Structures are given as structure tokens and as C-alpha cells.
Engineer: 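The structure that follows is given in the form of C-alpha cells.
Computed from a predicted structure; not experimentally measured. A note on names: the letters A, B, ... follow the listed sequences, proteins ahead of strands, and every chain is numbered from 1.
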2 protein chains.
Amino acid sequence: MGELRESKKRETRQRISDVATALFFERGFDAVTIDDVAAAAKVSKPTVFNYFARKEDLFLDRQDDVRVLLREALGGKAKGEAPVDALRRLVDRLHHEKHPFARIDGETVGWWRVVAASPSLQARLREIGDEAVEALAGELAGPKVDGAARLAAGMFVLTWRTAYGEAIRVFERTASAKKASTAFLALIDRGFAAARALD
Amino acid sequence: MGELRESKKRETRQRISDVATALFFERGFDAVTIDDVAAAAKVSKPTVFNYFARKEDLFLDRQDDVRVLLREALGGKAKGEAPVDALRRLVDRLHHEKHPFARIDGETVGWWRVVAASPSLQARLREIGDEAVEALAGELAGPKVDGAARLAAGMFVLTWRTAYGEAIRVFERTASAKKASTAFLALIDRGFAAARALD
DNA sequence: CTTGAAACTTATACTAGGTCAAAAATTGTC
DNA sequence: GACAATTTTTGACCTAGTATAAGTTTCAAG
């Protein structure tokens with residue numbers, strides 16, 4: 001059944017990803033070329049693109065997680081529970097689990113510095129955000145997604161993005177993960193309160 | 001003092017823009033190369049980039065308008081008037097003036113179709129949106145922009161974008177500019193109501 | 001009207017992301 | 001071990017965007 005084949009592919013993919021990430025942290029995203037990555041991972045350029053559709057995906061390969069988390073948060077919510085409450089619980093859960101999406105510390109900030117220095121990574125992040133909005137709108141409204149659902153979904157994603165960005169800023173200013181967390185959750189609450197006012 | 005020079009530049013810039021827009025409508029954004037544009041406008045490729053920093057700017061050259069409109073709406077607001085009210089008045093004004101930012105008709109939809117078919121135009125549009133958020137946050141909060149201001153600004157931009165997108169969808173479905181307008185204003189009101197709940 | 005400086009445009013060449021087709025190597029199955 | 005399927009590679013190609021240096025046009029001053 002192609003076990004060896006599968007594991008080799010996983011290995012190759014992983015090697016490319018690891019090598020690329022290391023290079024990006026070292027030199028910055030834009031200063032590293034695909035040829036650099038390919039050479040360091042000992043594969044050819046087309047092979048890199050065989051595993052990662054865009055250069056940005058070498059650094060941002062958590063997009064699928066977003067969809068999964070949203071779905072399981074909304075799918076697993078108690079009957080009658082408002083979506084906004086289920087999402088609020090998701091934030092708390094991820095925050096307690098120190099999930100990188102909901103927690104700022106030295107590591108996340110290192111990651112963010114790479115992003116902040118690269119316009120194309122930021123562009124890709126915006127794109128992922130919009131995809132998340134569409135996915136979330138689908139979860140919220142079922143098959144018939146309308147403007148109201150998109151607006152609600154947009155508010156969650158916007159709130160998350162804004163809270164995350166603010167937390168980074170606070171961390172960089174104060175070097176305190178605690179203060180960053182507080183700022184993060186405060187903005188989350190603010191945004192979610194506004195989202196509640198939508199209906 | 002260089003009158004002829006100035007007018008020639010204006011002319012060249014305009015010619016490039018017109019020629020490019022026509023080509024984009026004709027063949028789609030991605031199917032037209034900068035070389036095509038340069039040849040059709042009878043200039044060289046570097047000259048095109050001399051006037052437009054990116055290819056996308058050949059089609060989206062209203063970014064400055066956004067900043068100007070926001071500034072004059074918030075600058076000219078009556079003392080004591082809430083920013084949200086001033087922005088709401090801006091929407092109404094643009095809508096009545098049939099400004100493309102706030103009105104959907106056959107022409108806007110033609111423009112939108114070009115955008116919808118091009119990932120890079122959509123990416124640039126997202127970027128412009130984020131720039132608008134930063135600018136608006138600055139207008140709202142003065143020199144010290146904080147997370148709350150960014151969240152508020154983000155909500156306005158999100159609401160506008162979402163309302164605009166929904167209006168396009170309605171127009172394409174019903175072919176009625178009136179229904180599109182109604183959908184647009186309904187979502188604007190919805191989003192602005194939520195934004196009011198922020199404080 | 002000439003001349004020299006400044007601004008604009010050009011040709012040319014280059015970098016880098018990304019794609020494509022076909023050859024070559026590797027693995028799975030008979 | 002031979003044949004089929006899949007992966008990888010090679011190498012060529014396209015396009016956006018940039019740098020450089022040379023050519024052209026406009027301007028202002030003599």
C-alpha cells in the first residue's frame with residue numbers, strides 16, 4: 001500500500017518546511033529565495049512547489065487548523081447556546097492551552113517579527129483571514145450564507161486579528177506576557193460584545 | 001515653470017491608465033501583461049512602473065480618495081457629534097451622489113467582475129482596506145492609536161466591505177439597483193449599530 | 001538661439017516566484 | 001526480475017518588478 005512511499009513524502013515535506021522555517025528566521029522571509037530553500041533541503045525548485053503551493057505557505061501552514069477549530073467549536077456547542085458564546089469558549093480554551101493563536105510570548109513574537117517584516121506574508125495572512133470569514137459564515141448560517149452571516153463572521157475574525165495584533169504590541173512594549181494576555185482578552189471581550197449587538 | 005512638462009506627464013499617465021483599464025475589461029486583469037499595456041500606450045515598461053508602483057494600481061487608483069473622504073467626514077463633523085454618526089452621514093452622502101464606493105449599478109458590477117476574477121486584485125483590495133483601517137484609526141484616536149481605535153476602525157471598514165459585497169451579490173441575482181441599494185444600506189446600518197455598541 | 005542642467009524615457013539586463021513538459025529515478029505489484 | 005505507477009528532477013519558460021546607464025525632451029539663462 002505504499003507505506004514507504006508515504007513516509008518518504010512526509011519526510012521530504014517536513015524537511016523542506018523545517019529548512020525553510022530556519023532560513024526565514026535567520027535571514028527574513030524576503031531575503032530567502034525558493035532556490036535557497038530547495039538547495040538547503042536538497043531538492044529541486046519544482047519539488048518545493050509540489051509540496052507548498054506558494055512561498056508563503058512554507059511559513060504559514062496552519063490555515064487548516066483555523067477551519068478545524070472553528071468547526072469543532074461550533075459543532076460541539078450545546079444546543080441553544082449562541083454561536084458567539086461557543087466562540088468565546090474557544091478563545092478561552094486556546095488561551096489556556098497556550099495555543100499560538102491565542103497566546104503571546106517570546107516565541108510567537110519571534111514568529112511575528114518575521115511576518116511583520118514581509119509584505120507578502122502579511123498579504124497571505126489577510127487572505128487566510130478572508131477564507132476564515134467565509135468558512136465561519138458557512139458554519140454560522142448553514143448552506144445559505146447571507147450578508148448578515150458574513151458580517152458576523154467578519155467581526156469575529158476582525159476582533160481576533162485586532163486583539164492578537166494589540167497583544168503583540170503590548171508584549172513588545174512591556175515584555176510582559178501577562179500584560180499581553182490581558183490586552184488580548186480585553187479586546188476580545190470588547191469585540192464580542194459588539195458582535196452580540198448584531199442580532 | 002514646467003507647464004508643458006507637467007501636462008505631458010498628466011497625459012502620459014492618463015493614457016497608460018485608460019489603455020490599461022480598457023485591456024483589463026476586455027481580457028481580464030491576469031491575462032494582460034505590463035508589456036501589453038506598455039505597447040498599447042506606446043511607452044516602455046519602466047515608464048509604466050514609473051507612474052504606477054504595482055500592476056494592481058493600474059486598476060485600483062482610488063486609494064487616496066478613501067483617505068480624503070474619511071478625513072473630511074471626520075474633520076467636518078459638528079462638535080460633539082459621534083464619529084459613528086459622521087461616518088454614517090458620509091455613507092448617505094456618497095450614496096446620494098452615486099459615488100462608486102456606495103452605489104451598485106451595471107458599471108460598478110462590470111468593474112467588480114474584473115476584480116472577482118483576479119486573486120492579485122483582491123489581495124491589493126484587502127491591503128487597501130487595511131491601510132484604510134490604520135488611517136481611520138488615526139482619525140478616530142489622534143496621535144495615540146490603541147487597540148480599541150483599531151477595532152472600531154476595523155468595524156467600519158469591515159461593514160463597508162461586507163455591505164458592498166452583499167450589494168453586488170444582490171445586484172447580480174436580481175439585476176435591480178434598487179434592491180442592491182437596500183441591501184447595502186441595511187448591512188451598513190447593522191454594522192454601524194454594532195459599532196455603536198463598542199463604547 | 002544656443003547651451004547646459006534637470007527631468008523623463010528608453011533599452012537592456014537581471015532577479016525571483018511560479019509553471020510546464022518530458023525525462024529519469026524510485027517504489028509497488030505481479 | 002519486469003512492468004506499471006508515482007515522485008522527482010531537469011531545464012526551459014513566463015511575468016512582475018528593479019537597476020543602470022544612455023538617450024531624449026523641456027526648461028531657463030545667457
Engineer: Round to a whole Å and report the spacing from CZ of A:Phe52 to P of D:dT8.
Structural biologist: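 The distance from CZ of A:Phe52 to P of D:dT8 comes to 12 Å, rounded to the nearest Å.
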
Engineer: Under 4.0 Å, heavy atoms only, any strand: does A:Val32 hit a base, just the sugar-phosphate, or nothing?
Structural biologist: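 Touches sugar-phosphate only.
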
Engineer: Rounded to the nearest Å, what distance is computed from the CG atom of residue B:Asp35 to the C1' atom of nucleotide C:dT10?
Structural biologist: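 Those two atoms, CG and C1', are 13 Å apart.
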
Engineer: Kindly state each residue pair satisfying side-chain hydrogen bond (donor to acceptor under 3.5 Å, both in side chains) with at least one member in residues 31-50 of chain A, sequence neighbours excluded.
Structural biologist: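 As it turns out, the side-chain hydrogen bond (donor to acceptor under 3.5 Å, both in side chains) pairs with a partner in residues 31-50 of chain A, which skip direct neighbours, are A:Arg27-A:Asp36, A:Thr33-A:Asp36, A:Ser44-A:Thr47.
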
Engineer: Indicate whether any N or O donor in one side chain lies under 3.5 Å from an N or O acceptor in the other, for B:Gln122 and A:Arg126.
Structural biologist: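 No, because no side-chain N or O of B:Gln122 sits under 3.5 Å from a partner of the opposite role on A:Arg126.
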
Engineer: Compute the centroid of each ring, for B:Phe171 and then for B:Phe184, and state whether the two points are separated by less than 6.0 Å.
Structural biologist: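 No - the distance between ring centres of B:Phe171 and B:Phe184 does not fall below the 6.0 Å cut-off.
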
Engineer: Starting the side chain at C-beta, find the nucleotide from D:dT26, D:dA16, C:dT9 nearest to B:Ile34.
Structural biologist: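 Of the candidates, D:dA16 comes closest.
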
Engineer: Rounded to whole angstroms, how far apart are CD on A:Glu56 and C1' on C:dA16?
Structural biologist: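 Going from CD in A:Glu56 over to C1' in C:dA16 covers 12 Å.
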
Engineer: Name the orientation class of the two ring planes belonging to A:Phe156 and A:Phe192 (parallel below 30°, tilted from 30 to 60°, perpendicular beyond 60°).
Structural biologist: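 If you compare the ring of A:Phe156 with that of A:Phe192, the planes turn out perpendicular.
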
Engineer: Nearest whole Å is fine: how far is D:dT7 C1' from A:Arg10 CZ?
Structural biologist: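 Rounding to the nearest Å, CZ of A:Arg10 and C1' of D:dT7 are 15 Å apart.
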
Engineer: Could you list by number each residue of residues 43-51 of chain B showing a heavy-atom separation from DNA chain C of less than 4.0 Å, or answer none if no residue does?
Structural biologist: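 DNA chain C contact set from residues 43-51 of chain B: B:Val43, B:Ser44, B:Pro46, B:Thr47, B:Asn50, B:Tyr51.
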
Engineer: Cation-pi between B:Arg103 and B:Tyr164: NZ/CZ under 6.0 Å from ring centre and within 45° of the ring axis?
Structural biologist: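 Cation-pi check for B:Arg103 and B:Tyr164: fails.
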
Engineer: What is the distance from CZ of B:Arg124 to P of D:dA16, rounded to the nearest Å?
Structural biologist: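 It is 16 Å, rounded to the nearest whole Å.
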
Engineer: On the nucleotide C:dC8, are OP1 or OP2 found under 4.0 Å from the side-chain N or O atoms that B:Lys9 carries?
Structural biologist: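 Checking C:dC8 against B:Lys9, a side-chain N or O does come within under 4.0 Å of OP1 or OP2.
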
Engineer: With no hydrogens and no angle check, do the side chains of A:Asp105 and A:Thr108 hold a donor and an acceptor under 3.5 Å apart?
Structural biologist: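 Side-chain D/A pair, A:Asp105 to A:Thr108: present.
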
Engineer: Whole Å only: how far is the CD atom of B:Glu6 from the P atom of C:dA6?
Structural biologist: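 It works out to 17 Å between those atoms.
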
Engineer: Using whole Å, what does the distance between atom P of nucleotide C:dC8 and atom CD of B:Glu11 come to?
Structural biologist: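 The distance from CD of B:Glu11 to P of C:dC8 comes to 15 Å, rounded to the nearest Å.
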
Engineer: Ignoring the backbone of B:Lys55, work out which of D:dG17, C:dT9, D:dT8 is nearest its side chain.
Structural biologist: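 Of D:dG17, C:dT9, D:dT8, D:dG17 is nearest to the side chain of B:Lys55.
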
Engineer: What is the minimum heavy-atom distance between B:Leu187 and A:Gly147, and which atoms define it?
Structural biologist: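 Heavy atoms only, the tightest pair is CD1-CA, 3.7 Å.
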
Engineer: B:Lys8 has an atom NZ; how far is it from atom C1' of C:dA6, in whole Å?
Structural biologist: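 My rounded result for the distance is 15 Å.
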
